[in-house]
Amino acid sequence: MTDTPGPLLGPAEIRQLAERAGIRPTKTLGQNFVLDGGTVRKIVRQAAVQPGERVVEIGPGLGSLTLGLLEAGADVLAVEIDPVLARLLPATARAHIPDLVVSGPHEGDRPVEDVDVDAAARLTIVLADALDVRALPGRSPTALVANLPYNVSVPVLLTFLERFPTLERVLVMVQAEVADRLAAPPGSRVYGVPSAKVAWYADARRTSTIGRSVFWPVPNVDSALVRLDRREPPVTAATRAQVFAVVDTAFAQRRKMLRSALAGLAGSADAAVAALEAAGVDPQARGERVDVDGFARIAAALADAAAARTPGPLADAAPTGTASAGAPPTDAPLADASAPSPGGPGTVEP
């Protein structure tokens, strides 16, 4: 007979671990942990995790999803911002998988890429803010699977898709409203900045709704799973930063027609009209009607026009929502004043 617990965390153990870590989850702080093993396995299954695959998990928290990924045979690279949770995770994982080799937690006292990772380690823990991570130790991950803190879900997704091109697919649990925005097609009511920017990198679709009862404590919002499958970005002479600058500007005032919304970026309303017509986009259209390929054509047309004269606003733009300038991508419409704990649901402004 053995005292080794089952492969996944159960409700009682989650509460015990939280008490040991000194965590008293509250709805106001967005501290919610997944209690249900079936939900964990659903996430892993929909992520199509393969044995031996290198998977990065953002915000492992108490380890519910981490153990599900390990159960599927993945090698997990867990990025955790909370030092208490990061240091608790190795013991939790070994309690469920006695022979598990763990590397870390590795702290930020030296570059992550210089960290020596045991080749036998199936769980590597990095103590860091995911938005600050620019390199990862060991093998490059091919999948990102996570229960994301909702108020940073879009910035984290855009940051990792931009900085880690080896990521072939992503499966994340986010607030249902955010899931709808990420997967929204042009012309839909919720299509906006996150939809267009994610579409630069990947095809996105909402795969499942997650009930509130699987969390402790029960949140005030519904959750959903979103899967992203990477594809090639649009073929364009414009840079990603230039395209994202157009996206940000087009949605800054949603009710405006593009000829007016882009006037400042183009230098004048007439210049905006000329660029839109060159891109094959109706100047009277609004941003929610334009797909990412259309935004790429607009950015290229604006760049061409800028190159034909002295450098204009587009050339000097420092677009928000991108990670290229050293700052994490941000999307103001999705920001929220609350500060969810790693791995737990939060709230998002409508």
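Side-chain atoms are counted along with the backbone in the values below, which use heavy atoms only and exclude waters and symmetry mates.
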Test applied, side chain to side chain contact (heavy atoms under 4.5 Å, CB included); reference residue, L77; option that passes from L144, L123, T124 = T124

Looking at L89, D82, I81, which hits side chain to side chain contact (heavy atoms under 4.5 Å, CB included) with L85?
->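 Going through L89, D82, I81 one by one, the side chain to side chain contact (heavy atoms under 4.5 Å, CB included) with L85 is satisfied by D82 alone.
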
If you take all heavy atoms of [X] and [Y], which pair is closest and at what distance?
X	Y	value
A121	S103	CB-CB, 3.9 Å
R212	N220	NH1-O, 3.1 Å
L88	L17	CD2-O, 3.9 Å
G104	P90	O-CG, 4.1 Å
V40	L65	CG1-CA, 4.1 Å
L70	R122	O-NH2, 2.7 Å

Just wondering, do [Y] and [X] contact through their side chains at under 4.5 Å, heavy atoms?
X	Y	answer
I298	L276	yes
P186	E288	no
V170	R227	no
V145	V44	no
E19	Q16	no
D248	K197	yes
P137	V126	yes
V292	P234	yes

Would you list the pairs meeting ring pair (Phe, Tyr, Trp, His ring centres under 6.0 Å) in which at least one residue belongs to residues 160-181, sequence neighbours left out?
->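 Qualifying pairs, neighbours excluded: F160-F164.
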
Let me see the working for V102 and R94 under side chain to side chain contact (heavy atoms under 4.5 Å, CB included), right down to the final yes or no.
-> CA-CA 8 Å; V102 180; R94 290 192 185 102; 3.4 Å; yes

Inter-residue atom distance [X].[atom1] - [Y].[atom2], 0.5 Å rounding:
X	Y	atom1	atom2	result
L171	N147	CG	CG	11.0 Å
T249	L265	OG1	CG	4.5 Å
S223	M173	OG	CE	6.0 Å
L62	R15	CG	CZ	11.5 Å
W216	L35	CH2	CG	8.0 Å
E162	L157	CD	CG	13.0 Å

Report all side-chain donor-acceptor pairs from residues 200-211 shorter than 3.5 Å, counting only partners two or more places apart or in another chain.
{"from": "D203", "atom 1": "OD1", "to": "R231", "atom 2": "NE", "distance (Å)": "3.1"}
{"from": "R206", "atom 1": "NH1", "to": "D180", "atom 2": "OD1", "distance (Å)": "2.7"}
{"from": "R206", "atom 1": "NH1", "to": "D180", "atom 2": "OD2", "distance (Å)": "3.4"}
{"from": "R206", "atom 1": "NH2", "to": "T209", "atom 2": "OG1", "distance (Å)": "2.7"}
{"from": "T207", "atom 1": "OG1", "to": "Q46", "atom 2": "OE1", "distance (Å)": "2.4"}
{"from": "T207", "atom 1": "OG1", "to": "L225", "atom 2": "O", "distance (Å)": "3.4"}
{"from": "S208", "atom 1": "OG", "to": "Q46", "atom 2": "OE1", "distance (Å)": "3.4"}
{"from": "S208", "atom 1": "OG", "to": "Q46", "atom 2": "NE2", "distance (Å)": "2.6"}

Could you pull out all residues at least two apart from R230 that satisfy side-chain hydrogen bond (donor to acceptor under 3.5 Å, both in side chains)?
->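 Listed in chain order: nothing, the list is empty.
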
Non-neighbouring partners of D291 that pass side-chain hydrogen bond (donor to acceptor under 3.5 Å, both in side chains), sequence neighbours left out =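 D291: no side-chain hydrogen bond (donor to acceptor under 3.5 Å, both in side chains) contacts found.
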
Verify same cluster id: [X], [Y] (apolar side-chain graph, 4.5 Å):
X	Y	value
V190	V226	no
L262	V273	no
F251	M257	no

Check ion pair R41-E71 (N to O, under 4.0 angstrom) =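 Looking at R41 and E71, the cut-off is met.
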
Checking Y191 side chain against L182 main chain: does a donor-acceptor pair fall under 3.5 Å?
->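 It does not hold such a pair.
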
Is there a donor-acceptor pair under 3.5 Å between the side chain of T166 and the backbone N or O of P141?
-> yes

Candidate pair I23 and F33, rule side chain to side chain contact (heavy atoms under 4.5 Å, CB included), full reasoning | CA-CA 11 Å; I23 296 172; F33 301 104; 4.1 Å; yes

For T159 and V133, run side chain to side chain contact (heavy atoms under 4.5 Å, CB included): C-alpha distance rounded to whole Å, both residues' side-chain angles, the deciding distance at 0.1 Å, then the answer.
-> CA-CA 9 Å; T159 295; V133 173; over 6 Å; no

List the steps, then state whether side chain to side chain contact (heavy atoms under 4.5 Å, CB included) holds for V49 with V55.
-> CA-CA 8 Å; V49 173; V55 176; 4.2 Å; yes

Tell me, yes or no, whether the heavy-atom count around R289 atom CZ, taken from other residues, nucleotides or ligands under 6.0 Å, exceeds 12.
->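 Result for CZ/R289: open.
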
Side chain to side chain donor-acceptor pair (under 3.5 Å): which pairs involve residues 47-70, sequence neighbours left out?
->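 Qualifying pairs, neighbours excluded: E53-T142, E53-R169, E57-T66.
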
Which pairs count as side chain to side chain donor-acceptor pair (under 3.5 Å) when at least one residue sits in residues 258-287, sequence neighbours excluded?
->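 As it turns out, there is no side chain to side chain donor-acceptor pair (under 3.5 Å) pair with a partner in residues 258-287 once direct neighbours are skipped.
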
